[in-house]
Protein chains: 2
Amino acid sequence: MRKNMPEIYNLIQELSWYFGNQGFDGQCCGDLSLVEFMALKKVHKEDDITIQEIGSALNITKSGASKVIDRLENKAYVLRKQSAADGRVCCVAITGKGIEAITKIAERYTDYVDGMLKNFEPDAVDNVKNVLEELVNSVRKQGFIKSI
Amino acid sequence: MRKNMPEIYNLIQELSWYFGNQGFDGQCCGDLSLVEFMALKKVHKEDDITIQEIGSALNITKSGASKVIDRLENKAYVLRKQSAADGRVCCVAITGKGIEAITKIAERYTDYVDGMLKNFEPDAVDNVKNVLEELVNSVRKQGFIKSI
DNA sequence: CCCACATAGTTTCCACTGTCAACTATTATA
DNA sequence: TATAATAGTTGACAGTGGAAACTATGTGGG
């Protein structure tokens with residue numbers, strides 16, 4: 001095992017706790033839970049995304065994904081429409097209200113991050129961004145941690 | 001709003017998703033959920049910690065914390081004992097089995113992190129560690145994100 | 001062209017979680 | 001000593017996601 005790895009793991013896990021479900025009392029903003037918000041972000045980034053794609057992006061089953069989308073649809077943040085190419089496929093699209101919600105929440109988080117880094121020099125901020133980009137690239141490449 | 005903040009926030013959130021509850025299908029290792037594991041880590045770091053301290057460290061209610069400790073105690077990973085100084089206070093201590101479990105899980109995560117960083121030069125690894133330390137110090141200072 | 005099979009999504013049943021509020025037990029205070 | 005404050009537990013409850021069965025649509029071999 002290489003040097004520093006246990007420390008790095010502990011640091012990532014602690015940081016993640018603050019940005020995870022427990023970080024904000026179950027509601028990330030208004031009426032959205034964290035999964036709902038993450039799913040909404042996916043839909044925002046990739047319009048006409050399918051249920052399964054959402055599920056695998058978030059590491060939940062298609063059954064779970066279907067329910068997350070149910071909730072988002074009930075709140076009028078997304079719309080389901082049948083794919084023209086394949087009648088089985090359900091294309092999910094974000095609504096104006098959805099974009100509004102996502103924007104507001106992202107602002108709130110960004111404020112929080114801004115507060116975190118308020119004493120960082122511009123160079124240090126750039127370095128933070130670069131490190132995080134490299135870490136995120138790595139986790140994307142590795143995929144989710146497999147449970148035993 | 002300063003430059004890079006939205007990007008940094010998005011990167012942290014994506015990274016956190018991989019290390020959060022969804023990152024490993026609800027079970028982080030063997031028979032522990034993520035909250036249970038985080039609570040166990042707290043107990044390990046600070047022996048004779050109280051229920052409320054665990055709750056506030058993890059941002060859950062004392063009721064929730066009590067149940068997490070219930071589960072850990074049923075699995076024989078921790079022990080409850082009454083405080084000698086104050087009969088109301090419940091000191092929680094980790095057992096040998098608990099230490100074993102925590103060690104095994106930490107190893108698994110550390111392997112994963114090691115895989116993430118396998119192509120990083122030693123200097124880059126040090127830089128990652130420093131950045132994460134600074135970020136964690138910042139979140140500790142700011143505390144949990146308040147929901148609206 | 002039809003039937004078997006594959007695939008996308010939904011639904012039902014279920015177990016797990018954490019909160020709220022009420023409760024018990026203990027300690028502090030006036 | 002009576003009252004209030006505090007630590008922790010418990011019961012009722014709602015939210016959540018998984019497994020498996022189900023529906024509906026598409027595909028391919030005969």
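Labels below follow one simple rule: chain letters A, B, ... track the order of the sequence lines, proteins then strands, and each chain is numbered from 1.
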By side chain to side chain donor-acceptor pair (under 3.5 Å) - contacts of A:Lys129 (at least two apart)
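A:Lys129 satisfies side chain to side chain donor-acceptor pair (under 3.5 Å) with B:Asn4 only.
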
Any residue meeting side chain to side chain donor-acceptor pair (under 3.5 Å) with B:Thr50, in chain and number order, not counting sequence neighbours:
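Partners of B:Thr50 under the side chain to side chain donor-acceptor pair (under 3.5 Å) test: B:Glu53.
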
Qualifying salt bridge (Lys or Arg N to Asp or Glu O under 4.0 Å) pairs with a residue from residues 40-49 of chain B, counting only residues at least two apart or across chains:
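As it turns out, the salt bridge (Lys or Arg N to Asp or Glu O under 4.0 Å) pairs with a partner in residues 40-49 of chain B, which skip direct neighbours, are B:Asp48-B:Lys81.
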
B:Lys3 side chain vs A:Val125 backbone, donor-acceptor pair below 3.5 Å:
no

Give a yes or no on whether the backbone of A:Gly87 and the side-chain of A:Gln82 come within a donor-acceptor separation of less than 3.5 Å.
yes

List the atom of A:Leu15, the atom of B:Ser16, and the distance in Å for their closest heavy-atom pair.
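Result for this residue pair: O-OG, 4.3 Å.
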
Separation of [N] [atom2] from [X] [atom1] (nearest whole Å):
| X | N | atom1 | atom2 | value |
| --- | --- | --- | --- | --- |
| A:Leu58 | D:dG18 | CG | C1' | 15 Å |
| B:Ile60 | C:dG18 | CD1 | P | 6 Å |
| A:Ile51 | C:dA8 | CD1 | C1' | 9 Å |
| A:Leu34 | C:dT17 | CG | P | 18 Å |
| B:Leu32 | C:dC16 | CG | P | 14 Å |
| B:Gln52 | C:dA25 | CD | C1' | 14 Å |
| B:Glu36 | C:dT17 | CD | C1' | 10 Å |

Which of residues 61-71 of chain B have a heavy atom under 4.0 Å from DNA chain C?
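Residues of residues 61-71 of chain B under 4.0 Å from DNA chain C: B:Thr61, B:Ser63, B:Gly64, B:Lys67, B:Val68, B:Arg71.
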
Quick check, are the ring centers of B:Phe19 and A:Phe19 under 6.0 angstrom apart?
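B:Phe19 vs A:Phe19: aromatic centres not under 6.0 Å.
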
Under a 4.0 Å heavy-atom cut-off, which of residues 79-88 of chain A touch DNA chain D?
A:Asp86, A:Gly87, A:Arg88

Show me the donor-acceptor pairs, under 3.5 Å and distance only, between side chains in residues 130-137 of chain B and residues at least two apart or in other chains.
residue: B:Asn130; atom: ND2; partner: B:Asp126; partner atom: O; Å: 3.3
residue: B:Asn137; atom: ND2; partner: B:Glu133; partner atom: O; Å: 3.3

Using a strict 4.0 Å threshold on nitrogen-to-oxygen distance, state whether A:Asp31 and A:Arg71 make a salt bridge.
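Looking at A:Arg71 together with A:Asp31, the answer is no, because their closest N to O distance does not fall below 4.0 Å.
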
Tell me what B:Glu53 touches on the nucleic acid: a base, only sugar-phosphate, or nothing, going by heavy atoms under 4.0 Å.
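Contact class for B:Glu53: none.
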
